[in-house]
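The chains referred to below are lettered A, B, ... by the order of the sequence lines, with proteins before strands, and numbering in each begins at 1. Just so you know, these numbers use all the heavy atoms, side chains as well, and skip hydrogens, waters and symmetry mates.
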Amino acid sequence: MNQTKYWIVKSEPDVFGYEQLVKDGTARWDGVRNYQARNNLRAMQVGDLCLFYHSNIGLEVVGIARVQREHYPDPTAEKGDWSCVDLEPFKAFNRPVPLPEIKNHPDLQNIALVRNGRLSVMPLSFDEFSILLSMGATHL
DNA sequence: GCCAACGTTGGC
DNA sequence: GCCAACGTTGGC
């Protein structure tokens with residue numbers, strides 16, 4: 001049996017926000033053109049949980065998505081070896097967690113959101129996931 | 001709108 | 001294989 005893994009995915013809410021994911025019920029997470037992010041997508045398994053972060057506008061974690069379908073070739077890639085997954089909404093945060101709070105939390109200093117602001121798909125430890133969940137006043 | 005950080009590209 | 005130039009991302 002595979003252990004659930006935890007991730008953060010970023011999206012600009014004016015392009016595709018968490019509310020849109022809830023409305024649509026599913027989303028193909030395509031368009032990733034960064035090798036590190038792609039490799040993270042490929043490591044995702046069905047049932048893994050992804051915190052949903054709004055970049056550019058909002059700058060906060062707003063909810064949780066769940067991996068619905070594991071990686072497959074990104075149909076939007078005209079060339080190159082790129083992958084995408086399908087996500088579905090899992091649970092909205094009761095309280096969005098703003099970036100400055102994440103940056104100020106002593107136990108969240110190692111996550112890529114703080115260390116490398118540009119990575120769009122990044123792994124989280126269970127502890128980090130749990131901390132963010134409680135900051136969001138949310139439980140599974 | 002600016003700029004820092006990062007990744008990619010291409011000349012040598 | 002190095003590194004300068006360039007493009008993109010994303011916080012501020």
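- Applying the side chain to side chain contact (heavy atoms under 4.5 Å, CB included) test to A/Glu88 and every residue at least two apart in sequence or in another chain returns A/Arg66, A/Gln68.
- Looking at A/Asp48, its side chain never comes within 3.5 Å of a backbone N or O of A/Met44 through a donor-acceptor pair.
- The aromatic rings of A/Trp29 and A/Phe16 stand perpendicular to each other, their planes meeting at an angle above 60°, with 30° marking the opposite boundary.
- Taking 4.0 Å as the cutoff to heavy atoms of chain A, we find the contact window on DNA chain C bounded by C/dG7 to C/dC12.
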Open item on the list: Please determine whether side chain to side chain donor-acceptor pair (under 3.5 Å) holds for the pair A/Arg38 and A/Ser83, giving the CA-CA distance in whole Å, both sets of side-chain angles, and the decisive distance to 0.1 Å.
Closed with: CA-CA 6 Å; A/Arg38 180 202 69 182; A/Ser83 296; 5.5 Å; no
Would you tabulate the side-chain donor-acceptor contacts of residues 51-59 of chain A under 3.5 Å, counting partners in other chains and residues two or more places apart, or write 'none'?
{"residue": "A/His54", "atom": "NE2", "partner": "A/Tyr18", "partner atom": "N", "Å": "3.0"}
{"residue": "A/Asn56", "atom": "ND2", "partner": "A/Glu12", "partner atom": "OE1", "Å": "3.2"}
{"residue": "A/Asn56", "atom": "ND2", "partner": "A/Glu12", "partner atom": "OE2", "Å": "3.0"}

